[in-house]
Amino acid sequence: MNQNSLKGLLIILVIFDHNEYAHQLFPDFLRGFSFHVLGFFTLPFLREADSINLARLRKMFFSYLYPFLWFAGGMSILTLFLKSRSSFDGLGGMQSEMLSQLLSQMLLALYSGNAILLKEATGMSLLWFLPSFFSLMVIRALLAGRDNFQQILAWLCLFSIHPLISLLPLSAQVSIPLGLLPALYAIPLIMLLVIFQRHIYEKLPTTYAIFLSVLLFSAIKYLQIQMNLTQELGFVDVANYQNWRALLVNDLEGIFGVLMIFQLARYDLSALINACGKYSLQLYLFHAFIALMIYRLLEKYFTGTHSGFLLLVSMLTTIVISLGFVAQLMKIHRLQNLLFPKN
């Protein structure tokens, strides 16, 4: 399996999910769409785990949490300034209690990694992924250093809390640090994914594996659409044991969707997709700005054009321009070392 092809397919699906025209054309498909995120979560579990130590923790911090902190912190400051301008004619006129409230909101969002708070503090809910991914990596490293009995006990606990996580009220969710809840919800699904991939799909010829994965995903996606189910992993808007049918279908949609992408990545895909995979983290952070600019230009100059054409144009231009921007950014070694020191 080509890792860059796999990451490239997944980040393109992320961009697709954030595309306005995609939601106009495929609202039912995207309403319960989750497997692109689960796919990224699964990637580290396809490799052997390293046990936790200070050097490992430092590497994970600078790989995932550090980019989140500077990006989300910068967006929070910008959002704070814009809110102050609209409310109080600039920072100088802002009442101290309002400033204190906004600063507290910003710090709580950075602490919790909660998508709702990040949306309020930065205007970008998608930033939840990085702290959650960091928490996922820490959990995996902690488990890697345990003996078999301790690991089995930990897995049983993780599977047990899976159908309970969404029952937590928002007040409790925001007190839990670093996007831990989405990571905890995803881990049982990841373990099932790895089992299916290693013990079933890897043993099949590529053509048969792709056919089986597409067939299973199509069937479960059809069922999810017919049941009118929704889910947003980053917002912990997921089903629980009280609606076990929705929980089962949504979880299978994620599992079968990731398995389908895994099989497609067995082919040597285009250089463009591989390049997207190489810069997947940078594309994740910067594509939304370029997508918004392109959307506004298309809405201004192509009013009345069919949404299918606008989707194609917006996707291609967003991918190409974003990729060109981040590729040039990463060629500036001082900026790369400053922004992505463990890229």
Spatial distance of atom [atom1] ([X]) from atom [atom2] ([Y]) [nearest 0.5 Å]:
{"X": "Asn228", "Y": "Gln226", "atom1": "CG", "atom2": "CD", "answer": "9.5 Å"}
{"X": "Ser314", "Y": "His18", "atom1": "OG", "atom2": "NE2", "answer": "13.5 Å"}
{"X": "Met106", "Y": "Ile77", "atom1": "CE", "atom2": "CD1", "answer": "6.0 Å"}
{"X": "Ile273", "Y": "Ile319", "atom1": "CD1", "atom2": "CD1", "answer": "8.5 Å"}
{"X": "Gln151", "Y": "Leu143", "atom1": "CD", "atom2": "CG", "answer": "6.0 Å"}
{"X": "Leu338", "Y": "Gln336", "atom1": "CG", "atom2": "CD", "answer": "11.0 Å"}

Mind checking whether [X] and [Y] have parallel, tilted or perpendicular rings, split at 30° and 60°?
{"X": "Phe33", "Y": "His36", "result": "parallel"}
{"X": "Phe16", "Y": "Phe26", "result": "tilted"}
{"X": "Phe134", "Y": "Phe61", "result": "perpendicular"}
{"X": "Phe340", "Y": "Phe286", "result": "perpendicular"}

[atom1]/[X]: more than 12 non-hydrogen atoms of other groups inside 6.0 Å:
{"X": "Phe159", "atom1": "CZ", "value": "yes"}
{"X": "Phe289", "atom1": "CZ", "value": "yes"}
{"X": "Asn148", "atom1": "CG", "value": "no"}
{"X": "Tyr222", "atom1": "OH", "value": "no"}

Heavy-atom closest pair, residues [X] and [Y]:
{"X": "Ala72", "Y": "Leu118", "value": "CB-CD2, 4.5 Å"}
{"X": "Gly308", "Y": "His306", "value": "N-ND1, 2.8 Å"}
{"X": "Leu323", "Y": "Tyr279", "value": "CD1-CD1, 3.8 Å"}
{"X": "Thr122", "Y": "Met75", "value": "O-CE, 3.5 Å"}
{"X": "Val258", "Y": "Gly39", "value": "CG2-N, 3.5 Å"}
{"X": "His199", "Y": "Lys203", "value": "O-CD, 3.6 Å"}

Given 3.5 Å as the limit, does a donor-acceptor pair link the side chain of [X] with the main chain of [Y], or not?
{"X": "Gln173", "Y": "Leu168", "result": "yes"}
{"X": "Ser125", "Y": "Lys119", "result": "no"}
{"X": "Arg140", "Y": "Pro44", "result": "yes"}
{"X": "Asp17", "Y": "Leu13", "result": "no"}
{"X": "Ser280", "Y": "Cys276", "result": "no"}
{"X": "Tyr267", "Y": "Asn2", "result": "no"}
{"X": "Arg146", "Y": "Leu142", "result": "yes"}

- Message: Applying side chain to side chain contact (heavy atoms under 4.5 Å, CB included) to Leu158 and His162, what does each step give before you reach the verdict?
- Response: CA-CA 6 Å; Leu158 290 168; His162 175 79; over 6 Å; no
Just distance, no hydrogens or angles: give the donor-acceptor pairs under 3.5 Å from side chains in residues 211-219, sequence neighbours left out.
from   : atom 1 : to     : atom 2 : distance (Å)
Ser213 : OG     : Ala209 : O      : 3.1
Ser213 : OG     : Ile210 : O      : 2.9
Ser218 : OG     : Val214 : O      : 2.7

Could you check if a side-chain atom of [X] sits within less than 4.5 angstrom of a side-chain atom of [Y], using non-hydrogen atoms only?
{"X": "Gln231", "Y": "Gln224", "result": "yes"}
{"X": "Val14", "Y": "His287", "result": "yes"}
{"X": "Val313", "Y": "Tyr21", "result": "no"}
{"X": "Met315", "Y": "Ile15", "result": "yes"}
{"X": "Arg245", "Y": "Asn243", "result": "yes"}
{"X": "Pro67", "Y": "Leu339", "result": "no"}
{"X": "Lys278", "Y": "Met330", "result": "no"}
{"X": "Leu130", "Y": "Leu285", "result": "yes"}

Is it true that [X] and [Y] fall in one hydrophobic cluster, defined by side-chain heavy atoms closer than 4.5 Å?
{"X": "Ile161", "Y": "Val238", "value": "yes"}
{"X": "Leu247", "Y": "Leu164", "value": "no"}
{"X": "Val174", "Y": "Leu233", "value": "no"}
{"X": "Tyr241", "Y": "Leu248", "value": "no"}
{"X": "Tyr295", "Y": "Leu316", "value": "no"}

Listed pairs under 3.5 Å, donor-acceptor, residues 176-197 side chains, sequence neighbours left out:
from   : atom 1 : to     : atom 2 : distance (Å)
Tyr185 : OH     : Asp251 : OD1    : 2.7
Gln197 : OE1    : Gln263 : NE2    : 2.8

- Task: Evaluate side chain to side chain contact (heavy atoms under 4.5 Å, CB included) for Ile165 paired with Asn240, printing each intermediate quantity in order.
- Result: CA-CA 7 Å; Ile165 286 176; Asn240 53 64; over 6 Å; no
- Is there a side chain to side chain contact (heavy atoms under 4.5 Å, CB included) between Met60 and Ile52 once you walk through the steps? CA-CA 10 Å; Met60 290 189 293; Ile52 196 73; 3.7 Å; yes
- Quick one: do Trp128 and Asn114 satisfy side chain to side chain contact (heavy atoms under 4.5 Å, CB included)? Show the steps, please. CA-CA 6 Å; Trp128 70 269; Asn114 180 271; over 6 Å; no
- Would you confirm whether the ring centroid of Phe129 sits within less than 6.0 angstrom of the ring centroid of Phe68?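 Between Phe68 and Phe129, the centre distance exceeds or equals 6.0 Å.
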